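Take a look at the structure below.
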Amino acid sequence: MPAPVHHRPRPRIRSLVLTLTLCTTLLAGATACGTSSTAQEAAAYIAVATPSPSTPAERQKFAKTRFVANAGLAAGATYQWIVKPWKAGAFKKGAKGRSAALVKAGLAGTFAYNRLKAAQRNAQGDPALAKALAPLGAAIDSLKGLPARLRGGDESAAGAFDDVIGKVKGAGSRAGAPVGNQVPTTRQLAGG
């Protein structure tokens, strides 16, 4: 008579890897098929843990990091799709590709405004950054209506964006959070 076979329980890590692989496959398959309700439901059930700061020093570091990321995206969008075409004369009447440049500038203006508002909120987590950015609140708020003006061909709006971005970069540098231009993808730009 053969000896009884004892099944060992599967190691926990193997089960986790299998579950993660299955979830990833389902999400990738659902995403490849389009933005159906199945894809949205799958994405809603699969959550990735994000680290959360626990000490005041970590909260300040995260605040600066987020500020730099958001302000960098605003600066990159402003330079790429507003300032550069403006200086090249793409917004002038009769310029080749003027309509497309104005539409892109309007999208970039909306994106930059949203990223600057996010950067402003991020700055509240760091006292030095909050203090440096406080005087720029009204200037950032004044950009809200400028994307529509850009789409309409108002060239002065481009200068206003360039000016505010320069001030935000300066405030970040003074607070120990230097901001560099980070050009967003067109997908990010279209998402606002």
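The structure displayed is predicted, hence computed values, not measured ones.
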Next on the checklist: If we check side-chain contact (heavy atoms from CB on, under 4.5 Å) with Leu150, which of these qualifies: Thr110, Ile82, Leu107, Leu102?
Outcome noted: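 It is Ile82, the one option of Thr110, Ile82, Leu107, Leu102 that forms the side-chain contact (heavy atoms from CB on, under 4.5 Å) with Leu150.
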Which heavy atom in [X] sits nearest to a heavy atom in [Y], and how many Å separate them?
X: Ala95; Y: Ala90; result: CB-O, 3.7 Å
X: Leu133; Y: Ala119; result: CD2-O, 4.2 Å
X: Ala63; Y: Asp126; result: CB-N, 4.0 Å
X: Gln182; Y: Ala69; result: OE1-O, 4.2 Å
X: Leu146; Y: Ser142; result: CG-O, 3.8 Å
X: Thr78; Y: Ile165; result: OG1-CG1, 3.6 Å

Next on the checklist: Quick one: does any side-chain atom of Lys92 pair with a main-chain N or O of Trp86 as donor and acceptor, under 3.5 Å?
Outcome noted: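 Looks like no, no N/O pair under 3.5 Å.
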Checklist entry - Under 3.5 Å, side chain of Arg174 to main-chain N/O of Gly170, donor-acceptor pair present? => result yes
Next on the checklist: Between Val183 and Trp81, does the side-chain contact (heavy atoms from CB on, under 4.5 Å) criterion hold? Intermediate values first, please.
Outcome noted: CA-CA 9 Å; Val183 178; Trp81 289 292; 3.8 Å; yes
Next on the checklist: side-chain contact (heavy atoms from CB on, under 4.5 Å), that's the test. Do Phe67 and Val168 meet it? Break it down for me.
Outcome noted: CA-CA 10 Å; Phe67 166 81; Val168 168; 4.0 Å; yes
Checklist entry - Is the shortest heavy-atom distance from the side chain of Gln120 to the side chain of Leu136 under 4.5 Å? => result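 The answer is no, as the side chains (C-beta and beyond) never meet within the 4.5 Å cut-off.
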Item to check | Note, Pro184 side chain near Arg115 side chain (heavy atom, < 4.5 Å) | outcome: no
Next on the checklist: Could you go through Asn181 and Lys169, starting from their C-alpha distance and side-chain angles, then the distance that decides it, and tell me whether this counts as side-chain hydrogen bond (donor to acceptor under 3.5 Å, both in side chains)?
Outcome noted: CA-CA 9 Å; Asn181 289 1; Lys169 286 173 122 179; 2.7 Å; yes
Checklist entry - Can you get from Leu116 to Phe111 by hopping between Ile, Leu, Val, Met, Phe, Trp and Tyr side chains that sit under 4.5 Å apart? => result no
Item to check | Same apolar cluster: Val179 and Leu73, side chain cutoff 4.5 Å | outcome: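 Looking at the clustering, Leu73 is in a separate group from Val179.
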Checklist entry - At what distance, to the nearest 0.5 angstrom, does CZ of Arg149 lie from CG of Asp154? => result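 Between Arg149 CZ and Asp154 CG, I get 4.0 Å after rounding to 0.5 Å.
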Next on the checklist: Does Val83 form a side-chain contact (heavy atoms from CB on, under 4.5 Å) with Phe161? I'd like the steps, not just the answer.
Outcome noted: CA-CA 8 Å; Val83 174; Phe161 267 99; 5.7 Å; no
Next on the checklist: Surrounding NZ of Lys167 (heavy atoms of other residues, nucleotides or ligands, distance under 6.0 Å), is the total greater than 12?
Outcome noted: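 No.
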Checklist entry - Got a sec: does the OH of Tyr79 have more than 12 other heavy atoms crowding it under 6.0 Å? => result no
Checklist entry - Yes or no on side-chain contact (heavy atoms from CB on, under 4.5 Å) for Gln188 and Thr185, after CA distance, side-chain angles and deciding distance? => result CA-CA 5 Å; Gln188 287 175 310; Thr185 64; 3.3 Å; yes
